[in-house]
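Everything below concerns the one structure shown next.
These numbers come from the heavy atoms of this one structure, side chains and all, not from hydrogens, waters or symmetry mates.
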Amino acid sequence: QSTWAISSDIITSIRKTLKTKLGDISCLIFNHKLKPSNELVICLHGYPSCASESYSEWLIPALITSGYFVVAIDMPGCGESIGKSFINEGRGIRTRSEYNLNKGGAVDIVVSVIESLNHKSSILIGYDWG
């Protein structure tokens, strides 16, 4: 669990492993006390970092105070998500843009997380994706 203080507000996160159609994905869920019906923002880390190393000091607190339900994904093989055998027939995730639409690639992973959170869409924020 992480905690950030902004003014008099406290922002917390919990680490949760989401059961998705592609397998287990570890995520940080921020302001988990908010109703999950708030608009969802998915944050994607760059390579080779992880969810806890990305955006936490500046962007996530701003999104939380604006009322968004924020989830930062540990992509497979990074952070606390299981390794590369999970996807791409054991070759790991390919993050160059020409691979993002491959079966089991980055797009499928993000869609499976959105669906496991019972949302139909989200705002997507990411960097360093090839």
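- Exactly one residue among Leu18, Leu117, Thr20, Val107 makes a side chain to side chain contact (heavy atoms under 4.5 Å, CB included) with Ser112. That residue is Thr20.
- For the pair Ile73/Leu44, a side-chain contact is recorded, criterion being any heavy-atom separation below 4.5 Å from C-beta on.
- Between atom CD1 of residue Ile64 and atom CZ of residue Phe69 there is a gap of 9.0 Å, rounded to the nearest 0.5 Å.
- Partner of Val71 under the side chain to side chain contact (heavy atoms under 4.5 Å, CB included) criterion, out of Ser122, Cys43, Cys27, Ser116: Cys27 alone.
- The pair Arg15-Asp74 counts as a salt bridge, with a side-chain nitrogen and a carboxylate oxygen less than 4.0 angstrom apart.
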Is there a side-chain contact (heavy atoms from CB on, under 4.5 Å) between Ile25 and Thr17 once you walk through the steps?
CA-CA 5 Å; Ile25 299 288; Thr17 299; over 6 Å; no
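- The NE2 atom of His119 lies 9.0 Å from the CD1 atom of Ile114; values are rounded to the nearest 0.5 Å.
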Using side-chain contact (heavy atoms from CB on, under 4.5 Å), reason through Ile42 and Ile123 one step at a time and then give a plain yes or no.
CA-CA 6 Å; Ile42 299 283; Ile123 297 168; over 6 Å; no
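- Note that the CG atom of Leu28 and the NE2 atom of His45 stand 10.0 Å from one another [nearest 0.5 Å].
- At least one donor-acceptor pair under 3.5 Å links the side chain of Asn38 to the backbone N or O of Gly67.
- Within the 4.5 Å cutoff, the side chain of Phe30 has no heavy atoms near those of the Leu63 side chain.
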